[in-house]
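Report on one structure; see the data block that follows.
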Amino acid sequence: MNTSALRFVIAPIAVAGLLVSAAGCSMFGSPRDPAGQITASANLALSDLRAGDCIKDVNSFGTTAVTKVPVVPCTTSHNGEVFATTTDGATSDQSFAEDFCKQQFAGYIGSSFDTSKLDVEYFQPPSASSSDKTLTCIVYHKDGTMDTKSLKGSKQ
């Protein structure tokens, strides 16, 4: 095969490869469907979490600073779920975070936090001067119980 014939065969293959690669980046750049639901496992930045996002294992976070959170579709085994977020007044003040999350709990779960067997964890800005002002509230099973559906409206 001569060089010009080889270019004739390789060039279209290379262009097709680049197009598929570029399309793949935009198609697979987000684990969310057009409605915003998580459709694939991913590690999301705290600021990208939304109410309804299911978290693989809240108990695995430990005491280290969390910058990325492993999310999964809610039909996949998980033990945590984001139930509220806010940037309104979100600060590093712990009492604000606790009060906000407890106030939002009943509306999402369908029962009072005080009577629930679920627990709440939250991520808040590390300091008042932090660039990300998002407070994220997460409901989870402290005992490690796993779910394969959303906790929204579960009255647990």
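For the numbers below, each heavy atom of this structure counts, side chains included, while hydrogens, waters and symmetry mates do not. Since we're looking at a predicted model, the values are computed, not measured. Just so you know, residue 1 is the first one in the sequence shown, and it goes up from there.
- T115 pairs by the side-chain hydrogen bond (donor to acceptor under 3.5 Å, both in side chains) definition with nothing, not counting sequence neighbours.
- I55 contributes atom CD1, which lies 8.5 Å from atom CD of E81 (distance to the nearest 0.5 angstrom).
- Between the CG atom of N79 and the CG atom of D147 there is a distance of 8.0 Å, given to the nearest 0.5 Å.
- Considering only heavy atoms from C-beta on, V71 comes within 4.5 Å of L49 through its side chain.
- If you take NE2 on H141 and CG on N59, they are separated by 10.0 Å, rounding to the nearest 0.5 Å.
- Here the closest heavy-atom approach between residue G110 and residue K155 is recorded as O-CG, 3.6 Å.
- The two residues C74 and G52 make their nearest non-hydrogen contact at SG-O, 3.5 Å.
- Here the CD-OG distance, from Q156 to S111, works out to 8.0 Å after rounding to the nearest 0.5 Å.
- Taking T145 as the reference, D143 meet the side-chain hydrogen bond (donor to acceptor under 3.5 Å, both in side chains) condition, with sequence neighbours excluded.
- Considering every non-hydrogen atom in both A51 and A84, the closest pair reads CB-N, 4.3 Å.
- Both V69 and I138 belong to a common hydrophobic cluster when Ile, Leu, Val, Met, Phe, Trp and Tyr are linked at side-chain heavy-atom distances under 4.5 angstrom.
- Heavy atoms only, all atoms of each residue included: A40 and P73 are closest at N-CG, 3.8 Å.
- Counting only heavy atoms from C-beta outward, the side chains of Y122 and K102 never approach each other to under 4.5 Å.
- Take D48 and apply the side-chain hydrogen bond (donor to acceptor under 3.5 Å, both in side chains) test, not counting sequence neighbours, and it matches no residue.
- Of the inter-residue distances, the one linking L135 atom CG with E98 atom CD reads 10.5 Å to the nearest 0.5 angstrom.
- Contacts of K142 classified as salt bridge (Lys or Arg N to Asp or Glu O under 4.0 Å), with partners at least two apart in sequence or in another chain: D119.
- V139 belongs to a hydrophobic cluster whose remaining members, ordered by chain and number, are F83, F105, Y108, I109, F113, L118, V120, L151; membership requires side-chain heavy atoms of ILVMFWY residues under 4.5 Å apart, directly or through intermediates.
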| field | Worked verdict on R32 versus I38 for side chain to side chain contact (heavy atoms under 4.5 Å, CB included) | value | CA-CA 4 Å; R32 296 183 187 281; I38 298 292; 3.6 Å; yes

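- Taken to the nearest 0.5 Å, the CE atom of M146 stands 11.0 Å off from the SG atom of C54.
- Listed by chain and number, the residues in a ring-ring contact (aromatic ring centres under 6.0 Å, His included) with F100 amount to none (sequence neighbours excluded).
- Put simply, V72 and L44 are part of two different groups of oily side chains (I, L, V, M, F, W, Y) that touch within less than 4.5 Å, one to the next.
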